[in-house]
> 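Got a structure for you, questions after.
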Amino acid sequence: MIDLKYLQNSFEEASKRLEKKGVKQESLEALKERFERLKEANRLYEETRAKQNQLSKLFGQYKRDGKDISELQAQVNELKAEVAKYQDEAREAEDNLHALAMGIPNFPDESVPFGESEDDNVEIRKVLEPREFDFRPKEHWELGEANGWIDFERGVKLAKSRFSLLKGQGARLQTALINYFLDKNIQAGFEEYAVPFMVNSKMLEGTGQLPKFEDDLFKVSDEDLWLIPTAEVPLTNIYHDEILGTDELPILMTAYSPCFRREAGSAGRDTRGIIRQHQFAKVEMVSIAHPDKSDEIFEKMVEQASNLLSELGLPHRLVELCSGDLGFSAARTIDLEVWLPGQGKYREISSVSNTRDFQARRAKIRFKDGKKNRLVHTLNGSALAVGRTIVAIMENYQNEDGTIEIPKVLKKYL
RNA sequence: AGAGAGGUGGCCGAGCGGUUGAAGGCGCACGCCUGGAACGCGUGUGUAGCGUAAGCUACCGAGGGUUCGAAUCCCUUCCUCUCUGCCA
């Protein structure tokens, strides 16, 4: 959630910043108005409530002194109705504010380039030269089937479309990658966690998936439980509604998890292959940082993801997302796109974001700064999406006969 | 899943429906004491919102209700513990 006081005090600036992300001025005006209405409603409620409390306190005295309370009673009864009325109004104002505020995305950083769509994203640099093929490189689904690594049809039979299964060397490769990523992340100072793969709705509100993006999620029927779309959700919310000590920061976490996404808006995109599935494996990094240190940690996380790709020998590029392509919670995001020779394109394989205090405010994650409690900064990034890494390995390491080499660094994991 | 017990401040632990935001203890911080420490003594020690401030409001797992007034009574719900059942 954005800082409503900031919105109120610096409305021009705030709305200008959010305009870059496609937020209409009107909704911000409405938000500001609802914030002010809530404050007014609260003020009225608290004032009348204070009066009532004062009178109520007299009852004890009156009784002890044996005085008549009937007049007092009448007075309080009048106030009571008023208090109830103001309380209802305050609650309604609160609900209205919350409903709107939770749907407003985060401010992009000043440094984020302006743009409307992914076409306006800015390439920062390329890492490793794509290899020259002296034959037509195949796409991963051809290779996956030919090698018996991926079974698309039976995956669909077991669940539905956009599910698949890995077997044999394909499955081994996934396990190897997970272990490799976790090992490297641990070496870089991240601590490994094994987290629940389902969370309740409060946690999803904390990280920003709910209430706005319910359609992207799988929900467990009859329970307030949802399959996680990324380990970012449980990892970040580990400290939901907690106050950390300054000396505990930064907290660097990593976890493997399957990720479940309904991808409601993506019909027709990447229908072949395992680029876009309802379930995929990912190793995630999440950092809880002191506000002054989050930029530094952001760089570290980008470097970490890039290093993983480099060590696997996978050509990739770093792309700074423009304002219009930035996710709901992110203030800044760098995507890592891996080269896929079969497609002849760079495709997203990791996304590192700094959400600043946006998630922290929603999830109430604070730290003690001297006497004061302050919101932390939260960051997340993939290191890496495992399914897409398998795709990248297959396509980049393919031989003309369809066989696939294994990257050197993975040999000891297989 | 069934039966029972319970959820109070960083922790332990009190709390006849009326100055209880909450006794007492531990812990912690500061001060005194000391050559320095321990002990001892003194003071302080939750969070959030509104307000320049004094202060006001809210919070005793959560949500409702009864009442002039609820940590205390009632309902719902979640969680923990013990026993039984089931299970990797």
Side-chain angles (χ1 to χ4, degrees), chain A residues 1-9 31-102 194-206 210-211 219-226 234 237-249 251 258 357-376:
Chain A
M1 199 164 81
I2 61 167
D3 183 353
L4 293 173
K5 277 188 192 164
Y6 167 67
L7 179 76
Q8 188 188 28
N9 296 332
L31 185 61
K32 184 178 168 224
E33 198 183 300
R34 287 184 197 193
F35 181 52
E36 278 158 4
R37 200 193 308 158
L38 172 66
K39 280 172 52 170
E40 177 61 12
N42 270 338
R43 195 183 59 78
L44 281 169
Y45 163 67
E46 284 177 13
E47 277 175 9
T48 48
R49 178 73 179 171
K51 275 189 224 164
Q52 192 200 15
N53 282 346
Q54 267 175 5
L55 289 181
S56 289
K57 274 186 188 164
L58 294 177
F59 275 80
Q61 266 179 27
Y62 275 43
K63 276 192 177 167
R64 273 194 296 274
D65 302 347
K67 282 166 136 176
D68 179 37
I69 59 167
S70 55
E71 195 184 322
L72 192 58
Q73 183 88 52
Q75 263 182 338
V76 174
N77 280 342
E78 250 174 75
L79 262 182
K80 203 189 170 190
E82 212 176 321
V83 169
K85 188 185 82 185
Y86 286 138
Q87 186 173 35
D88 286 348
E89 282 176 13
R91 274 187 193 166
E92 198 191 324
E94 167 93 63
D95 291 347
N96 285 340
L97 175 71
H98 195 250
L100 188 57
M102 290 296 275
V195 295
F197 299 151
M198 293 182 224
V199 294
N200 60 47
S201 49
K202 225 188 193 113
M203 302 303 119
L204 287 156
E205 284 178 18
L210 287 179
K219 186 178 188 312
V220 177
S221 59
D222 303 326
E223 296 264 6
D224 180 28
L225 284 174
W226 309 65
N237 282 295
I238 286 172
Y239 297 103
H240 191 105
D241 202 12
E242 292 196 22
I243 301 168
L244 300 156
T246 319
D247 56 342
E248 291 178 78
L249 302 177
I251 300 172
D357 62 11
F358 185 82
Q359 291 181 327
R361 186 172 291 104
R362 290 174 157 244
K364 304 191 190 80
I365 309 173
R366 293 146 295 170
F367 72 101
K368 273 262 181 255
D369 190 13
K371 200 87 173 111
K372 276 274 192 199
N373 294 329
R374 288 177 64 194
L375 295 167
V376 298

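Naming: A, B, ... by sequence-line order, numbering from 1 per chain.
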> Which value, in whole Å, describes the distance between the P atoms of nucleotides B:G69 and B:U19?
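Result for the P pair: 15 Å, nearest Å.
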> Taking the P atom of each, how far is B:G61 from B:G9, in whole Å?
8 Å
> Nearest-Å distance, CG (A:D224) to P (B:G63)?
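Roughly 15 Å, once rounded to whole Å.
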> Below 4.5 Å, heavy atoms only, C-beta onward: do A:L244 and A:I251 meet side chain to side chain?
yes
> Can you list every salt bridge (Lys or Arg N to Asp or Glu O under 4.0 Å) pair that touches residues 238-247 of chain A, not counting sequence neighbours?
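Every pair satisfying salt bridge (Lys or Arg N to Asp or Glu O under 4.0 Å) with a residue in residues 238-247 of chain A: A:D241-A:R366.
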> In residues 84-94 of chain A, what donor-acceptor pairs under 3.5 Å come from side-chain atoms, sequence neighbours left out?
none

> Measure from CD on A:E94 to C1' on B:U57 and round the result to the nearest Å.
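These atoms are roughly 14 Å apart.
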> When the C1' atoms of B:U82 and B:C73 are compared, how many Å lie between them, rounded to an integer?
27 Å
> Which residues satisfy the side-chain hydrogen bond (donor to acceptor under 3.5 Å, both in side chains) test with A:K80, sequence neighbours excluded?
none
> Just the table, please: protein N/O against nucleotides 47-49 of chain B N/O, every pair under 3.5 Å.
residue : atom : partner : partner atom : Å
B:U47   : OP1  : A:K368  : NZ           : 2.7
B:U47   : O3'  : A:N373  : ND2          : 3.0
B:A48   : OP1  : A:N373  : ND2          : 2.8
B:G49   : N2   : A:E46   : OE1          : 3.0

> What distance do A:L375 atom CG and A:R362 atom CZ have between them, rounded to the nearest 0.5 Å?
13.0 Å
> So which pairs with a foot in residues 42-55 of chain A pass side-chain hydrogen bond (donor to acceptor under 3.5 Å, both in side chains), sequence neighbours left out?
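Only A:E40-A:R43, A:R43-A:E47, A:R49-A:Q52 qualify under side-chain hydrogen bond (donor to acceptor under 3.5 Å, both in side chains).
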> Kindly state which residues belonging to residues 74-92 of chain A come within less than 4.0 angstrom of RNA chain B, counting heavy atoms of the residue only, listed by number.
A:V76, A:N77, A:K80, A:R91
> Which value, in whole Å, describes the distance between the C1' atoms of nucleotides B:C32 and B:A38?
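Approximately 15 Å lies between the C1' atom of B:C32 and that of B:A38.
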> Just how far, in rounded Å, is C1' of B:A62 from NZ of A:K364?
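Computing the A:K364:NZ to B:A62:C1' distance gives 12 Å.
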> With sequence neighbours excluded, tell me which residues meet side chain to side chain contact (heavy atoms under 4.5 Å, CB included) with A:R37.
A:E33, A:R34, A:N96
> Starting at CG of A:D95 and ending at P of B:G63, how long is that distance when rounded to a whole Å?
13 Å
> Any side-chain heavy-atom pair from A:I2 and A:L31 closer than 4.5 angstrom?
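A side-chain contact under 4.5 Å exists here.
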> Measure from CD on A:Q8 to C1' on B:G51 and round the result to the nearest Å.
13 Å
> From CG of A:L244 over to C1' of B:G10, roughly how many Å is that when rounded to an integer?
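The distance from CG of A:L244 to C1' of B:G10 comes to 14 Å, rounded to the nearest Å.
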> Are OP1 or OP2 of B:C68 and a side-chain N or O of A:Q52 less than 4.0 angstrom apart?
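Answer is no, no contact under 4.0 Å.
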> With a 4.5 Å limit on heavy-atom distance, are the side chains of A:L7 and A:F35 in contact?
no
> Using the C1' atom as the reference point in each nucleotide, state the distance between B:C50 and B:U43 in Å, no decimals.
30 Å
> Tell me, please, which residues at least two apart from A:Y6 pass ring-ring contact (aromatic ring centres under 6.0 Å, His included).
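Testing A:Y6 for ring-ring contact (aromatic ring centres under 6.0 Å, His included), a comparison that skips the adjacent residues, returns A:F107.
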> Checking A:Q75 now: which residues fulfil side chain to side chain contact (heavy atoms under 4.5 Å, CB included) with it, not counting sequence neighbours?
A:L55, A:L72
> How far does the C1' atom of B:A14 sit from the matching atom of B:U8, given to the nearest Å?
10 Å
> For A:L58 and for A:K51, locate the closest nucleotide of RNA chain B by heavy-atom distance; then report the residue assigned to the nucleotide nearer the 5' terminus.
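Looking at the nearest nucleotide for each, A:L58 comes out on the 5' side.
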> With a centroid cutoff of 5.5 Å and a plane-angle limit of 30°, would you call A:F59 stacked on B:C68?
yes
> Hey, which of these two, A:N53 or A:R43, hits RNA chain B nearer its 5' end, going by closest nucleotide?
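Here A:R43 is the residue nearer the 5' end.
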> Please tell me if the side chains of A:E223 and A:M198 come closer than 4.5 Å, counting only heavy atoms from C-beta onward.
no
> Give the rounded distance in Å between these two atoms: CD of A:E242 and P of B:G10.
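Atom-to-atom, A:E242 to B:G10, this comes out as 12 Å.
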> Please, what dot-bracket string fits RNA chain B when only Watson-Crick and G-U pairs with both distances under 3.5 Å count, crossing ones use [ ] and pairs to another strand use |?
((((((((.[[[..)..(.....]]]((((((.......))))))(((((....))))).[[[[[..)....]]]]])))))))....
> How far does the C1' atom of B:A29 sit from the matching atom of B:A88, given to the nearest Å?
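Straight-line distance between the two C1' atoms is 49 Å.
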> Can you check whether A:I365 reaches A:Q359 side chain to side chain, under 4.5 Å on heavy atoms?
no
> Under the side chain to side chain contact (heavy atoms under 4.5 Å, CB included) rule, collect the residues that match up with A:P258, sequence neighbours excluded.
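Listed in chain order: A:F197, A:Y256, A:F260, A:Q279.
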> Quick check for you: among B:U57, B:G18, B:G69, whose closest atom lies nearest to any side-chain atom of A:A50?
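The answer is B:U57.
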> Rounded to whole angstrom, note down the P distance from B:C11 over to B:G4.
30 Å
> Under a 4.5 Å cut-off applied to non-hydrogen side-chain atoms, are A:V76 and A:F59 in contact?
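Side-chain contact under 4.5 Å: yes.
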> Nucleotides 70-81 of chain B: which of its N/O atoms have a protein N/O under 3.5 Å away?
none

